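Here the structure is laid out as structure tokens; the discussion comes afterwards.
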Amino acid sequence: MQETTPVAPLTGTAVIVGRWQLFHKGHETLLKAALAVAAQVIVVIGSAFRSRDVRNPFNWEERRDMILATLSPEAVSRVKFLPVRDYYDDDRWNAAIREGVQQRTGGQGPVTLVGFKKDHTSYYLDHFPTWVWQSVRQEFDIDATALRSVFFEGADPDARMVVLRPFVSPGVLAYLQAWSRLPVYAQRVVEHNTVVQYRKKWAADVYLTADAVLVANRHVLLIQRGGDVGNGQWALPGGFVDKGERFYTAALRELHEETGFKTLDSTMRQALKASQVFDHPLRSPRGRLITHAFYFDLGYVRLPEIKGADDAQEAKWVALDDLPQMEDRLFEDHAAILDRFVGVYS
């Protein structure tokens with residue numbers, strides 16, 4: 001009788017990192033490799049807690065559910081999820097992942113980072129030098145951006161699913177079919193098509209914008225967006241810098257046009273506490289928009305009267321303490337801008 005060599009039980013933790021928008025068979029390759037090398041797998045879900053947009057149409061719970069739809073009951077018991085927000089700051093993002101992994105492992109056992117480096121966007125995989133690196137060969141040449149285009153641009157729902165079928169698991173396909181019947185899908189289709197046309201019209205390499213963070217009596221002034229991009233989401237008053245205009249002037253002009261707020265220039269100069277340029281290449285899915293944000297604090301005064309105008313549905317004074325609960329309704333990277341000046345993230 002031939003003796004068999006016992007297989008050593010798996011130990012330690014494997015980590016995979018991605019946005020998983022949407023979860024396809026290329027992503028599954030990483031997850032399967034991680035399950036093969038460690039007893040526990042932590043799936044980091046990036047771009048969590050944020051508002052929906054063209055690059056991020058699914059919230060983190062929906063992406064988690066798509067991933068779970070591909071797993072057996074045994075694998076489900078071995079997988080944990082770590083949602084991480086976009087800080088637009090590599091140091092904070094790296095620290096959030098390390099802290100989340102530490103909490104989920106209790107600091108026990110080795111940690112292996114599983115991934116493949118496809119291009120310059122995979123630079124983050126080099127940010128965890130204390131973890132063991134496990135490279136995975138890319139079995140499927142799949143682009144998630146192209147799959148999203150199929151899902152949101154195709155006119156025939158049956159044809160969409162036929163095209164997607166070879167690239168996603170049956171569980172994910174079924175999830176997408178059900179999700180496409182929800183009102184949120186119709187909203188995403190409108191925004192997706194609007195942004196496609198937007199990029200054709202606004203095709204320059206860089207555009208300049210200015211935003212105003214106006215605080216009074218521990219409230220910040222926000223607008224609710226109209227139009228098809230970020231419709232209904234809350235944003236800072238702001239917009240494009242006109243030809244020959246300075247950032248500061250543009251910020252005050254947009255503040256007045258969108259909210260009706262206007263006061264003495266000397267008052268605003270005195271209230272100006274800080275300013276910062278926000279230039280992350282992915283801060284806006286509409287294109288490369290670089291903004292200069294100005295933080296004004298009027299102090300403990302009666303809240304000035306305001307009214308939404310121009311392309312704003314509404315203008316509203318929002319208590320600073322309420323901002324954390326609004327994170328997933330704040331437009332593009334405006335949660336990160338607000339966090340820089342007044343704090344949003346816990």
Side-chain angles (χ1 to χ4, degrees), residues 19 21 45-63 83 85-88 148 152 179 182-199 202 207 209-215 219-240 251 254-255 257-261 278 280 282-291 293 295 306-345:
R19 287 188 308 116
Q21 295 270 16
I45 302 181
S47 298
F49 310 113
R50 58 167 299 139
S51 58
R52 301 180 194 268
D53 62 27
V54 172
R55 293 188 72 249
N56 301 282
F58 305 100
N59 65 31
W60 82 263
E61 293 94 344
E62 290 164 346
R63 286 173 276 163
R85 62 173 50 86
D86 288 332
Y87 291 97
Y88 302 96
R148 290 196 302 273
F152 292 109
W179 195 84
L182 300 177
V184 66
Y185 175 74
Q187 297 166 0
R188 302 274 64 78
V189 168
V190 171
E191 182 168 272
H192 181 96
N193 292 328
T194 299
V195 169
V196 168
Q197 297 305 314
Y198 185 102
R199 289 173 177 169
W202 303 91
Y207 289 98
T209 65
D211 292 297
V213 181
L214 180 61
V215 172
H219 287 69
V220 64
L221 181 55
L222 299 180
I223 62 161
Q224 190 172 37
R225 287 181 59 86
D228 292 331
V229 179
N231 183 274
Q233 295 175 1
W234 292 92
L236 295 164
F240 290 100
E254 289 286 348
L255 177 63
E257 290 177 357
E258 294 187 331
T259 72
F261 175 85
F278 294 84
H280 194 283
L282 299 179
R283 63 175 297 269
S284 172
R286 293 172 291 166
R288 186 74 198 277
L289 273 61
I290 297 175
T291 199
Y295 167 42
I306 42 91
K307 182 179 180 181
D310 196 17
D311 55 357
Q313 295 184 47
E314 181 183 355
K316 180 180 180 181
W317 289 103
V318 176
L320 298 183
D321 291 341
D322 292 339
L323 288 175
Q325 288 73 47
M326 294 180 63
E327 184 177 354
D328 64 352
R329 292 177 285 148
L330 293 171
F331 181 62
E332 291 188 347
D333 70 335
H334 289 201
I337 296 175
L338 284 162
D339 185 69
R340 165 63 180 82
F341 297 120
V342 300
V344 174
Y345 307 145

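Just so it is clear, the structure is predicted and the values come from calculations on it, not from any experiment.
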When rounded to the nearest 0.5 Å, the distance separating CD1 of Ile337 from CZ of Arg283 is 5.0 Å
The reported gap from CZ in Phe58 to CD1 in Ile45 (rounded to nearest 0.5 angstrom) is 12.5 Å
Output for pair (Asn59 CG, Arg50 CZ), nearest 0.5 Å, gives 12.0 Å
When every non-hydrogen atom of Phe152 is compared with those of Pro57, the smallest separation belongs to CZ-CB, 3.6 Å
* Asked: Between Asp339 and Ala335, is there a donor-acceptor pair closer than 3.5 Å when you use the side chain of the first and the backbone of the second?
  -> no
Distance col, row Leu282:CG vs Arg288:CZ, nearest 0.5 angstrom, shows 9.0 Å
**Request:** For Arg199 and Pro285, indicate whether the former's side chain and the latter's backbone hold a donor-acceptor pair under 3.5 Å.
**Result:** yes
>> Any side-chain to backbone donor/acceptor pair from Arg329 onto Gly232? Under 3.5 Å, distance only.
In response: no
Any ion pair linking Glu332 and Arg225 (charged N to carboxylate O, less than 4.0 Å)?
-> no
- Show your reasoning for whether side-chain contact (heavy atoms from CB on, under 4.5 Å) applies to Tyr207 and Arg286. CA-CA 10 Å; Tyr207 289 98; Arg286 293 172 291 166; over 6 Å; no
Please confirm whether the backbone N or O of Thr209 pairs with a side-chain atom of Thr291, one donor and one acceptor, at under 3.5 Å?
yes
| said: Is the distance from the ring center of Phe49 to that of Tyr345 below 6.0 Å? | reply: no
Value for CG (Asp321) from NE2 (His219), rounded to nearest 0.5 Å, stands at 8.5 Å
NZ of Lys307 to OG1 of Thr259, rounded to nearest 0.5 Å, is 12.5 Å
Verdict with supporting geometry, Leu338 and Leu330, side-chain contact (heavy atoms from CB on, under 4.5 Å): CA-CA 10 Å; Leu338 284 162; Leu330 293 171; 4.1 Å; yes
